[in-house]
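Input: a single structure, listed below in structure tokens.
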There are 2 protein chains.
Amino acid sequence: MTSADRPDGPRTGGSRPDGSRPGGGRTGRPRSAEADRAILDATRAALVELGWGKLSLGDVAARAGVAKTTLYRRWAGKNELVVDAVAALFDEQLHLPDLGSLTADIEGVVLRFAALLERPETKTALMAVVAESTRDEALRDRIRSAIVDRQKRLVLLGRERAQARGELPRESDPESAARNADLIFDVIAGAVVHRALVSAEPVDGEWARGFTTLLVVGLAGALPD
Amino acid sequence: MTSADRPDGPRTGGSRPDGSRPGGGRTGRPRSAEADRAILDATRAALVELGWGKLSLGDVAARAGVAKTTLYRRWAGKNELVVDAVAALFDEQLHLPDLGSLTADIEGVVLRFAALLERPETKTALMAVVAESTRDEALRDRIRSAIVDRQKRLVLLGRERAQARGELPRESDPESAARNADLIFDVIAGAVVHRALVSAEPVDGEWARGFTTLLVVGLAGALPD
DNA sequence: AGCTTTCGCTACGACTCGTAGCGTAACTGG
DNA sequence: CCAGTTACGCTACGAGTCGTAGCGAAAGCT
């Protein structure tokens with residue numbers, strides 16, 4: 001689940017918590033799925049206590065009750081490990097319940113996303129891995145498939161619902177529709193992240209309302225154009 | 001150790017590129033202003049070559065032709081040093097020329113900001129220090145005063161101009177006006193950063209136009225409300 | 001002059017990194 | 001049941017970084 005697959009380096013699995021058949025019947029001792037869980041849990045715990053900067057893989061291994069070598073057999077380094085560790089949180093937390101209107105849907109997802117960014121694990125980890133990804137294309141791909149693309153689906157789903165309700169026009173040109181979805185995604189996710197982590201001020205109901213109003217008015221007015 | 005507290009240690013200045021009078025007439029050998037310049041230049045160069053993760057202070061000192069100890073006498077650690085190094089770039093690059101209309105002003109600042117984020121120094125450094133700042137209040141303050149607050153001024157200036165032109169209403173309630181400015185700031189800066197660094201796609205003229213249209217329509221429609 | 005502060009240099013213990021080598025454990029197919 | 005294969009825990013290692021201490025010399029001020 002976590003990974004875009006990786007051809008096959010020395011580190012075979014990299015991340016394959018299911019631990020089993022890629023091509024049929026693997027032989028030999030299987031990887032402990034429990035070790036995977038323990039490592040990812042330990043990673044999140046260490047992020048909470050130490051933050052990104054002081055997190056060391058030796059420490060994570062010790063917390064997980066696992067040898068350091070085991071950890072290196074599965075993940076190439078800190079970056080990859082942390083991406084997988086926080087990606088799981090995104091999967092758990094990010095859904096888009098139908099709240100009946102475009103405004104309510106956006107407000108809802110903004111608050112959910114903000115709550116996720118309040119957690120100390122994600123707070124310190126997300127920006128850090130993005131920073132590292134600026135010099136590491138493989139990491140960028142991993143972040144994209146493990147985190148970003150899944151968030152983007154929420155935008156697509158929300159738009160579809162809004163169109164079904166008649167709140168947004170159906171766009172005829174698929175290219176421009178894709179561009180608009182990307183734009184909206186960057187606006188929503190960017191604004192929330194910036195508010196929460198850069199401005200370091202709370203994303204509360206009031207802020208979410210103001211932001212959503214701005215966005216919905218803009219969409220209603222700018223899209224049909 | 002890196003950063004958090006520094007009641008009043010051996011590290012006097014922390015960051016005082018002017019290097020002179022804090023309390024009147026300092027005695028003794030003054031700090032070399034040229035060394036400051038050399039260190040910050042070396043920091044930016046090292047960021048370009050190595051990125052945040054592999055940047056080491058020993059390396060920076062060597063590049064700058066300065067003893068490692070000198071570096072530690074002025075900055076508490078990597079975080080503070082890099083903030084100062086990139087803050088200078090923001091000062092150089094971020095202005096707001098009057099382009100005649102609110103739309104043009106926003107498009108202009110978006111493209112300028114994007115160009116700044118394209119540079120490898122800022123790309124890798126900005127997210128990293130923000131990530132560290134989530135666990136270090138002093139660093140957060142430093143980022144705020146060295147970078148964030150200055151960007152925010154552009155929003156205030158832009159709004160004032162737009163109001164003078166009659167493009168935006170003058171807001172009566174100063175509290176709500178401040179909230180709106182903060183909101184607009186997070187939307188603009190957040191969207192650009194997210195597009196450039198997370199989505200990792202180009203902030204070109206086309207994107208800037210689409211974003212600006214969305215924002216201006218939203219502002220025109222939502223603000224008088 | 002004398003006082004004060006900074007500078008370059010060297011050296012240091014503590015720590016993290018990522019890997020190698022070994023013997024053992026777990027699972028599979030003949 | 002046994003041979004083959006893979007994962008595991010453990011130990012040990014060289015390399016690199018961190019941040020500090022201690023020294024003598026340099027550069028200002030009064």
Side-chain angles (χ1 to χ4, degrees), chain A residues 8-39 42 46 50-82 132, chain B residues 1-6 8-14 16-17 19-39 42 46 50-82 132:
Chain A
D8 243 357
R11 263 169 225 90
T12 46
S15 87
R16 184 179 297 133
D18 55 279
S20 46
R21 31 227 66 88
R26 297 272 283 169
T27 165
R29 177 176 176 174
R31 288 193 171 171
S32 160
E34 196 199 345
D36 266 315
R37 258 198 347 96
I39 292 173
L50 307 173
W52 165 268
K54 299 187 178 175
L55 183 155
S56 80
L57 294 197
D59 187 74
V60 170
R63 286 168 193 258
V66 162
K68 196 171 55 156
T69 43
T70 297
L71 211 160
Y72 277 103
R73 287 187 191 108
R74 308 190 183 197
W75 284 276
K78 198 167 155 176
N79 297 332
E80 289 76 7
L81 174 61
V82 170
E132 292 297 315
Chain B
M1 36 291 282
T2 25
S3 48
D5 47 28
R6 186 185 335 130
D8 237 1
R11 261 172 229 90
T12 45
R16 186 178 299 131
S20 46
R21 30 226 67 87
R26 297 268 284 166
T27 165
R29 176 175 178 174
R31 288 191 171 172
S32 160
E34 197 198 345
D36 266 315
R37 257 198 348 96
I39 292 172
L50 308 173
W52 164 267
K54 299 188 177 173
L55 183 154
S56 80
L57 294 197
D59 186 74
V60 170
R63 285 168 193 258
V66 162
K68 197 172 54 156
T69 42
T70 298
L71 211 158
Y72 276 103
R73 287 187 191 107
R74 308 191 183 196
W75 284 277
K78 199 165 153 177
N79 298 333
E80 288 75 8
L81 174 61
V82 169
E132 292 298 314

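Letters go in sequence order (proteins before strands), and every chain restarts at 1.
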Nearest-angstrom distance from the residue atom [atom1] of [X] to [atom2] of [N]:
{"X": "B/W52", "N": "D/dT17", "atom1": "CH2", "atom2": "P", "result": "15 Å"}
{"X": "B/E34", "N": "C/dG8", "atom1": "CD", "atom2": "P", "result": "10 Å"}
{"X": "A/K54", "N": "C/dT16", "atom1": "NZ", "atom2": "C1'", "result": "14 Å"}
{"X": "B/N79", "N": "D/dC18", "atom1": "CG", "atom2": "P", "result": "12 Å"}
{"X": "A/L71", "N": "D/dC10", "atom1": "CG", "atom2": "C1'", "result": "15 Å"}
{"X": "A/D59", "N": "C/dT16", "atom1": "CG", "atom2": "C1'", "result": "11 Å"}
{"X": "A/L81", "N": "C/dT16", "atom1": "CG", "atom2": "C1'", "result": "15 Å"}
{"X": "A/W75", "N": "C/dC17", "atom1": "CH2", "atom2": "C1'", "result": "18 Å"}

Taking N and O atoms by type only, does the side chain of [X] place a donor or acceptor under 3.5 Å from a partner on the base of [N]?
{"X": "A/S56", "N": "C/dC17", "result": "no"}
{"X": "B/R29", "N": "C/dT5", "result": "no"}
{"X": "A/K68", "N": "D/dG9", "result": "no"}
{"X": "B/R73", "N": "C/dG8", "result": "yes"}

Go through [options] for me and flag the one nearest to the [X] side chain.
{"X": "B/P30", "options": "D/dG28, D/dC10, D/dC18", "answer": "D/dG28"}
{"X": "A/Y72", "options": "D/dG9, D/dT20, C/dG18", "answer": "C/dG18"}
{"X": "A/T27", "options": "C/dG18, D/dG9, D/dT5", "answer": "D/dT5"}

Of the non-hydrogen atoms in [X] and [Y], which two are nearest, and what is the gap between them?
{"X": "A/V60", "Y": "A/L55", "result": "CG2-CD2, 3.9 Å"}
{"X": "B/G53", "Y": "B/K78", "result": "O-NZ, 3.6 Å"}
{"X": "A/G58", "Y": "A/K68", "result": "CA-CD, 3.8 Å"}

Practice item. For A/L55 and for B/A35, find the nucleotide of DNA chain C with the closest heavy atom, then tell me which residue's nucleotide is more 5'. Key: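 Looking at the nearest nucleotide for each, B/A35 comes out on the 5' side.
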Point to revise | Comparing A/L57 and B/G65 on DNA chain C - which has the more 5′ nearest nucleotide | key: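 The residue whose closest nucleotide sits nearer the 5' end is B/G65.
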Check your understanding: Can you find a pair of side-chain heavy atoms, one from B/W75 and one from B/D36, that are under 4.5 Å apart?
Key ->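 SC-SC contact between B/W75 and B/D36 confirmed.
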Check your understanding: Between B/T69 and B/G28, which has a closest nucleotide on DNA chain D that is more 5'?
Key ->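 The answer here is B/T69.
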Review point. How would you label the contact of B/S32 with the nucleic acid (heavy atoms, under 4.0 Å): base, sugar-phosphate, or nothing?
Key: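 Sugar-phosphate: the residue B/S32, judged by heavy atoms under 4.0 Å, touches backbone atoms but no base.
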Exercise for review: Quick one: pull up OH in B/Y72 and CG in B/L81 and give me the separation to the nearest 0.5 Å.
Suggested key: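 Going from the OH atom of B/Y72 to the CG atom of B/L81 covers 10.0 Å.
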Review point. Do any side-chain nitrogens or oxygens of A/R31 fall under 4.0 Å of OP1 or OP2 in D/dA7?
Key: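 Indeed, a polar side-chain atom of A/R31 lies that close.
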